[in-house]
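As the structure is a computational prediction, the values presented were derived from the model and not from experiment. All ligand and atom numbering here is 1-based and tracks the order in the structure.
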Amino acid sequence: MTTQTSDNTMTAIAPKRVRMVTLGCAKNEVDSDRMRTLIESSPAFVVVDDEDEPADVAIVNTCSFLVAAVQEGIDLTLEMTGAKLPDGEDVPVVMSGCIPSRYGEKLVEEMPEVAAFLPVDQEDSVVDVLARVCGLTSVDTYAPRTPEVLRTVRSATAYVMISDGCDRFCSFCAIPYIRGRYHSRPADVILDEVRGLVQGGVREVVLIGQDTGIWGSDLPEGRTLAWLIREVAAELRPVNGWLRVLYLQPEGMTDDLVAAIRDTPEVVPYIDLPLQHSCAEVLARMNRTGDDRSFTELIDRLRADIPGMVVRTTAMAGFPGETDEEFENLCAFLRRSDFDYTSVFAYSQEDGTAAAELPDQVDEDEKLERAQELQDIADTYGFASAATRVGKTYRVLVDATEQDDDGNVEAIGRAYFQAPDSDGVVHLGQADVTMGEFYEVRIDDAVCYELFGTIVAPDAAEPGPSGKRL
Ligand code: SF4
């Protein structure tokens, strides 16, 4: 970065160091990644990852899905506003993401410590905002202007957002008010992004969105998620990569989609169905559809049609009006369904949502007790599922390291039945590995959801009997 002085010479100026902190879900990770790529394409800024290194400006990319997440975002932002620059001035802090999207202008008055707010739909202007809060005036001459920059590859796994927003308006959920109406990203933009990621070393692409199953329904071409899956898989074929699709609502599980998951070699047999509840009356109050019978039929069909099928779900305890009987229906459904993984939530009364106005809100202690009961059931079946892996050999993608208690660096990988950031990992000890490569790993032990394994061979040359490389 240079600046022009009064005698017309150019003087080098050190780029401003930017600290980025991301809270919340994978979609926020993708947004942060995109902002980071924009920031790093400007010579005015450099992102610092080392927490001990001082920063000149900070961004907190926040989540506002639940009251607790909002509090965490506000607390962390305020904590970061306490940092000082060498001249004694405060380090300017930008709050981005879902809190500014949800609460808008009223934050300006309520959080005067924050230098700027950057809602989700304005995050492409991150460089301009950083320039403004850092007092840079000539940034326009070098700020990136490309609206669809490709992603920076930092791991062998990458989330790719195929849509944003949601039109379902589940009565408990603030997402449609935070992220807006449902909109699919165009196929060519997604495929360009995937191509760039694969060229950069990514071996597992994880498709995400609030409601991935209806991808394409708002685009003129009439394409479906099943079509997109086949196209993305073709990009991963030359590297024998994996494709994973998250957040499929049960209504979106068409025969064509099930066939695409089953018959496309790169697609791992793993489905994340956020069911929330099993009782028709509760689901109706949630503004959702289905019941325990239809969900059981769907899960049975998936397991029967797709070899090695792994099913994850989400269950919510204490929704307004939930009776003991309705709660028991959910417990029985979870026991019967034998899910590999279940995320459990206690209902949270969110401002501005329809459910917040419903009568018969469940007492806070009762909600927590019910959530704990669901968690115990989830863990009973989840731990048992993990234990069935012991003694078997799986293909594992090694994409991280961790330091053990003695300071040794151990390699970390994931098998097909472990989605990133949620289902545990395979610990490989101090194995001699190349990051971003697949290996054949024998699972030696399971502790809760964590697996411990030994590399027995390099990546398998041929797919297994299902046609997939698992
Ligand atoms: S499907 Fe329901 S829970 Fe999921 S983002 Fe949309 S409104 Fe929220």
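Taking both residues in full, the closest heavy atoms of Ser163 and Gln210 are given as OG-N, 4.2 Å, listed atom of the first, atom of the second, then distance.
Distances from ligand 1 to the non-hydrogen atoms of Phe172 include at least one value under 4.0 Å. A heavy-atom separation below 4.0 Å is found between Arg288 and ligand 1.
When each of Tyr341, Tyr270, Tyr449 is tested with Asp423 by the rule side chain to side chain donor-acceptor pair (under 3.5 Å), just one qualifies, namely Tyr270. Considering Leu246, Ile299, Leu298, Ile261 in turn, Ile261 is the only one that fulfils the side chain to side chain contact (heavy atoms under 4.5 Å, CB included) rule with Ile271.
Among all protein heavy atoms, the one lying closest to atom 4 (Fe) of ligand 1 is Gln249 NE2, 4.0 Å. The protein non-hydrogen atom at the shortest distance from atom 8 (Fe) of ligand 1 is Cys173 SG, 2.3 Å. Cys170 SG, 2.3 Å is the protein heavy atom nearest to atom 2 (Fe) of ligand 1.
For the residue pair Glu204 / Thr157, a side-chain donor-acceptor distance below 3.5 Å is found, with atom types taken as modelled. Looking at Glu325 and Thr323, their side chains never bring a donor and an acceptor atom within 3.5 Å of each other.
For ligand 1, the atoms sitting less than 4.0 Å from at least one non-hydrogen atom of Phe169 are 7 (S), numbered in the order shown with element in parentheses. Residue Gln210 approaches ligand 1 through these ligand atoms, each under 4.0 Å from one of its heavy atoms: 5 (S).
Note on Cys166: not counted as a metal contact of atom 2 (Fe) of ligand 1, no N/O/S atom lying under 2.8 Å.
The pair Arg414-Asp421 does not meet the salt-bridge criterion, since no charged nitrogen lies less than 4.0 angstrom from a carboxylate oxygen.
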